[in-house]
Amino acid sequence: MSDIGIELDYIMGRYNYWLFCILMMTGLYITVSRGNLIKKIVGLNIFQTAVFMLYISMGKVIGGTAPILTEVPETIYSNPLPHVLILTAIVVGIATTAVALALVVRIRESYGTIEEDEILELEHDMDFGSGAAQGDPVA
Amino acid sequence: MYMFLAITAALFVSVALVLVRLFAGPTLYDRVLAVNTFGTLTVLILSALGFVTERPDFLDIAMLYALVNFVGTIAILKFFRYRSFGRLRPEPEER
Amino acid sequence: MTKALGLLVALFALWLALSGYFKAFLLAVGFLSCLFTVFLARRMKLLDDEAVPLQLRLTLPLYWSWLGGEIFKSAWAVSKIILSRNIALSQQLIAVESPLKTDMGHVIFANSITLTPGTVTVEAAPGKFLVHALTDEAAGAEAFGEMARRVAAVETR
Amino acid sequence: MNNADLILLAIAIPALTPFLLAATGKWPNLRDTVSVIASIATFAAVLPLLLAVIDGARPAISLVEVMPGLVIGFEIEPLGMLFATVASGLWIPTALYSIGYMRGAHEKKQTRFAICFAIAIASAIGIAFSGNLFTLFIFYEVLTISTYPLVAHKETPEAKRGARTYLAILMTTSILFLLVALIWTWNIAGTTEFRAGGILDGRLDPAFAPFLLALFAFGIGKAALMPFHRWLPAAMVAPTPVSALLHAVAVVKAGVFTMLKVGTYIFGIGFLGKTGASDWLVWLAAASILIASIVALTKDDLKARLAYSTVSQLSYITLGMALAVQMGVIGGAMHIATHAMGKIALFMCAGAIYVAAHKTKISQLDGLGRKMPVTFACFTIAALSIIGLPPFAGAWSKWYLMVAAADANQLIIIGVLMVSSLLNVAYLLPIPARAFFLKPKDDETHGDAASSRIEETPLLCLLPICFAALGCIVLFFTIGGLYEYLLSIPIRPESLP
Amino acid sequence: MEHHSILRVVSKLLIPPMLVYALYVQFHGEYSPGGGFQAGVVFAAAFVLYSLVHGIDALTRVAPPRVLHALAGLGVLIFAGTGVVTMALGDAYLGYYALAEHPQHAQEWGIVVVEFGVGMTVASVMLSLFIAFASHTRKLDDKDW
Amino acid sequence: MMALIEANLPALQVVLPLIAAPICAILGRGGRSWAFACIVILATFAISVALFAQTYAGTIISYRMGGWEIPLGIEYRVDRLNAFVLLIISGSATLVLPYARRIVAAEIPAERQPLFYTAFLLCIAGLLGITITGDAFNIFVFLEISSLATYALVASGSWVNKRALTAAYNYLIMGTVGATFFVIGVGMLYMITGTLNLADLAVRIADHGDSSTLRMGFVFILIGIGLKLAMFPLHLWLPNAYAYAPSAVTAFLAATATKAAVYVMLRFMFTVFGFDYEFQADTLRMVVLPLAVIAMFAASIVAIFQDNLKRMLAYSSIAQIGYILLGLTFLTETGLTASIVHLFNHAVTKAALFMVAGCFILSAGTCSISKLGGIGRDMPWTTAAFVAGGFSLIGLPLTVGFISKWYLVLAALELGWWPVALMIMASSLLAVIYVWRVVEVAYLQPAPEGTVRKEAPLSMLIPTWIFVGLSIWFGVNAMLTSTAAGRAASALFDSSHILWKE
Amino acid sequence: MTANLVGIAIIDIVFFTLLVLTAIAILRQRNLFAVAMLSGVFSLLSAGLFVTLDAMDVAFTEAAVGAGISTVLMLGTLALTSRDEAKRPRSALLPLFVCLVAGAALIYGTLDMPPFGAVDNPIQTHVAPEYIARTPTDIGIPNVVAAVLASYRGFDTLGEVVVVFAALVAVLLMLGTSGRRTNGKNGKEE
Amino acid sequence: MDPVLVDLARNIATAIAFIVGGGFILVGSLGLIRLPDVWSRIHAAGIIDTIGAELILIGMMFQTGLTQTTLKLALIGLFLFITGPTATHAVANASFIAGIRPDRLKRNESEAVLGEDTPEEMKA
């Protein structure tokens, strides 16, 4: 009986992390497996968000509350530091997304597609098709 | 307290249903509708959670969401209509 | 100028409602923020009857409470349809004349139509709306007439 | 000017000549004058050093400390002095000869040629004077690289291929083995200095000694020990003065010189003998001697045959070191000088034949001896010297090597040396014999018109040839002095000053 | 969408409160959740709404890109400059205690100023990004390439 | 005033380019912003030199951001190791920027040039920040600053070759995944220690002892940083990014970006986790070592078959990174010294080589090796610089490459790993092949018909030759670099041992 | 305590389930508009999760970013690109393998992690309590997150702002400052 | 008044608001699933957006009494009240313009509203 209790405690102490693992894998899978450039970015966002969740989970204190101090004495507060870190990370994430999207726009303009496979084909043609050497300018 | 938990639960059920519509489509407009509704529900959930955890600060988030969600929805729709945010110029037909 | 002042007051009220702190610093900052917002609003050419609806009569809350009742009723009606075993719809797109004079009135009217479940304003044209109704009942002409009258009572020109 | 400065001067003159050459590149005559003067000046700088070393001086200088404990420095001992003298001394005839050859063969880019040549000489002298293995390695690599453009000089696909092989083998061996050996030595001994009696004794586990020696022996690719000899024949595409440089003056000599240095001053003859670490090398060198000679027999191309001859002769020197007796070192060192004399003459002759008659195959040489008697006379002398017949210089070095083999109780090696001499006879002597005694073939397409225009080599080419051939004879008679001199090579640690 | 009266009116009604809300978030970061970044985003969102209804040209009239870029730089400079000022006053980089006598006021001042810089940068950057994306119209069509 | 500046040197090191960046953007015209950036970089370099001088003797400068006590606030910590890396980064920047003017003018539209220099400054600031900071999360923030700037810089090669865009995109995706992995790793460390300060982390990790969380923290940091530094199977972004970025950017990145990442790795492995962390030692030897060796060979072999000079050099960079990693895996002081000294040496060499490639592009309009025939005659100085740099890449004596190889082989032999030593040498032979391909073409092949090429302008030649000169100077007299690297290594080594041994 | 834990756990799990469902929907969805919308929903859900985990500031940011900026930017990109994702012939086994390995590594890492929400976790005992304890006296503001963000770790925030600025620089460098287009093949605008 | 009684009244009021509002929301979301096309679903969404949301907010307001929180709730309610129908309208409008028409349309007077001078792109 007590064994089961310990097991349950163990699982309760970790299920959050496991859920986050699943989410992270999904995001990573989208990033690496999808050929659409935009979708890769979305996958990346999911991946990053999952990591944010890991941080936030570790900052949580059961029975605690948000780290905005109140008048009530003896309040337990959750850990503010992960929040700060993740705030920064979110901002970094959105900045990266913006840059990535700008790149996608330019890629679409230059290649006419945002599918990785088609782009690879085009690049393959550039390398071996027209006889142009690799170091030549191809605007 | 239990009231809030109950309403939160109801909201969650509702969110789940809305998400089903969002995933299922079939048209984009169904999805936009679902997103918009989802936004409203989120505002409510956030407010309710604020009560559950006894931190009314949550309302700020809810309010932010009420405002920003609107911008998002309008953006999507404007976009569907003009195919760009740019200057109002008809788009050459897509393949 | 009146508009600007009116907007400033309204915004500052909003600030106070949001803030809830009455520290000197925050009040000062709040005032400055509101001033800045008014400045931006001017730049955006927002200072007109639409953005600062000072012209509306104070009967607006009354209208709203009436509208609330209407909403409840029609929501109930739509709910019944949703919950009925066989969903029987008779969808229609109908033209609704709008007797109102100002854009603000139009908008209140149109939004009221949308707010009441069972009808949605689809397209707005000068003096007319295209409304989608879910059922014959919702598309009844007298419902709109009543609403238009009440909106007209709120708007002035 | 003291001796230490002279060391620098001896390296600096050829090292700085390229700048002068580049500056004067537009005026061929001036340029060639510069290069001749430089060669003489270098020799002039080396000579006083030679005298000093004979007197027992050991001039030394260290330049920079590259890494803690790792110094670029020079120190002259008898062996290095010998090599420097040979290299700088032979530069003079080679320089003269190359002027004649290059002009005669209408080669392009003579300035580049002269520049690289000077750098090669500088690095050869650097190798000779190196005070430690590290410095030696540096100049060794410089030599490799500076000779690459020389080998590829003709810029034909064939030349490029040859140059590639040349570079590939030399680089591979030097980086893959020699450098590792160098670092290993440093790791064990904490120094790479050349010291009498070696620096590894007592530090290196004897069980590992053969491996380290193998790294060195194969690492010194310039010594053309089989199986890393392919570069030598491959480099035959180069113009003949380059071949002379490779085979006689600088490159291969640098290789075997390094081999001797390593045996004497890194391992120490005593250590090698004690542990028997070099036994395997004896056999490898012996095999190399025989196989290369046999291969040479099969070659019809004159330069290729000479190249294989060189491979075989170089292994003599390696053998001398590997025998791990003093006489072996002496014999090997002596062979550097004698073989240099002989081989340079042979190559110059080959070049002369090419310039004068545009012939490269041995089978085309029939009857040419009558048209170019001096050239072929010199060829014969040099060939005899290589074979090791008195009264030509080669006889002595072979003799001392046999003595060494006897000292080391390697009787089979004596036999190998004798067989090798016979093979030498077989592949070298037929050449002048054909030239002098056979009638020219008439089936050539150009017929008599072409061959009738053949006449004796230009004077600028002929003079160096005669000089070298003469050298072979002179060296035979002055060998006593050389022997005395070589006895001063310190073998045992006690002989440290 | 100019002709679209409903949207126009609603957006006009909504924009000023949104701006005030953004500024509220900006200056109450010390007391409630929020701060420069969130405020900047909401602030930008209000402008985006304006642009959606009135067109991007109207937006660039109200907020010219050049000004926005300068403001974005200025925000960074305000933040980083605060650090330089504290450094010049003898404290460490971003050591706000040097800013005033009273330590807590000094900190509060520092935080307000710094957050202001953040808000300024974020708002103008987000808006510039929107403008950059929105006004970058398609260059070539598939067939032309 | 001077005292004030001196007291705040560590902060200024990063803040100066950081503040300069927006100003540079506002300045407008290309020339003006370039000049401004040059001045700023020079000042940054001066700061690096001052920091290097201060720490050379062994002092550790600890600077507290905001004046907060150490685990609370962010610490800037300069010791011999990162002072050395700072010097590399700011020094390379100082030389690349003057070089950049001409080629940037040729490769990037005039109106975008101020932004280009702004991104450049940001990139430098980010790299310096990564290097100087003593806080794990701060590393991430600055990593992202530099990465974002780098993506932009790489993508700005698109005016020459549109493939820069996809290259930048791939770099972005992989870089972001890497950064996120890094964040996961840091999060795990944070979770079991409760601190982010590197020095504090080290102490607390040693207290904590081994656990699966710590292990995975290590693995994620390794992979995350590995992506950034193009560790072998994670290198896929690098070749194209280097090949299609504007030449000045490539030169700068090759000299610095991966170096900063390597530094972070060193810092984590040896300061935070410590030499005695068994799992780390095992991972390094079982996984990283084979990968490094494979990188040395595979990348070099691929480099042999490249026609694009920049791409070839990029692959060579991957191989060289293999050397650096190899040095780490020895886990000895000599091995570390080899890695650190190779950081510097490779930076100098690669910068020079990429600069040469830039000169070729400017003058000949191409960097296809097959089209560079006879360029040795038309551009003698540039080509000579290439040859000298190539020698260093091969590791011939009298160049810095030799010094690196020396230490590496020495370290391998010290451990008795002679097969590794032979492999190091064998892989440098591959370098001979790809370098020699270019040499052969440049000198022994006739120029293509109708090409007009003139020697690169002095503003580009001089920085190139300064790099070449450095690579020769420190090859001939490596006392400074090898001593500095040796000291840095021993500092890392000593600090690392104290903790776990109690 | 336990009841609270279970309550949070339930909300957590509900949110997580929804998040995972959304993620899978994104994975399967080919219409990019729908993907954009779904990603907005995803951030919103995660904002909800952050709220339950007491991270209000984070939730605030995530909501603002996810609903506002990121959706708009993504749509702005879609305006210029195609609407649908193409089907991919390539096998997805390798990515799957990579992800599974990464996931397995993570899960292995979680085995020794301090339990979720426990008060005596290292991170709750080392640095963080000092922030909470000292903020009222050091800085005197109630929002500890703001205090840490802007003062204790103000330098991180400076970095964050610079990142945002860098993003602007990057985007402008690529897309142009004024929306004017670079012309044609060479793109030189001189 | 007796504070206990006030509390009870409050709670009852809240409960009623929640039950009704929650009921509407559930029904609305059910409608979102069940109804056949976009047009009908818009109405279901309308239920959630308007009456459901407002009722729940009002229920919350009962709990807080006259405090700042109530003000904020009211503001949220106001915003939702303004934006909700507008967004719904926008959706309807957009789908109308995109040419999506309800199944089995009983009456269509769209021509009467749009008139003859409608720009081409706006006609379906």
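For the numbers below, each heavy atom of this structure counts, side chains included, while hydrogens, waters and symmetry mates do not. What you see is a predicted model; the values in this text were computed from it and never measured.
- Residue E:W109 places its CH2 atom among 12 or fewer non-hydrogen atoms of other residues, nucleotides or ligands, all under 6.0 Å distant.
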For this session: Would you sort out whether E:Y31 and A:L69 count as a side chain to side chain contact (heavy atoms under 4.5 Å, CB included), showing the intermediate values?
Result: CA-CA 9 Å; E:Y31 305 97; A:L69 303 180; over 6 Å; no
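- Taking both residues in full, the closest heavy atoms of A:I68 and E:P33 are given as CD1-CD, 3.3 Å, listed atom of the first, atom of the second, then distance.
- Enclosure of atom CZ in E:F116 is not indicated, since only 12 or fewer non-hydrogen atoms of other residues, nucleotides or ligands lie within 6.0 angstrom.
- At least one side-chain heavy atom of A:L87 sits under 4.5 Å from a side-chain heavy atom of E:Q38.
- Contacts from residues 49-58 of chain A to chain E, taken as heavy-atom pairs separated by less than 4.5 Å, involve no residues at all.
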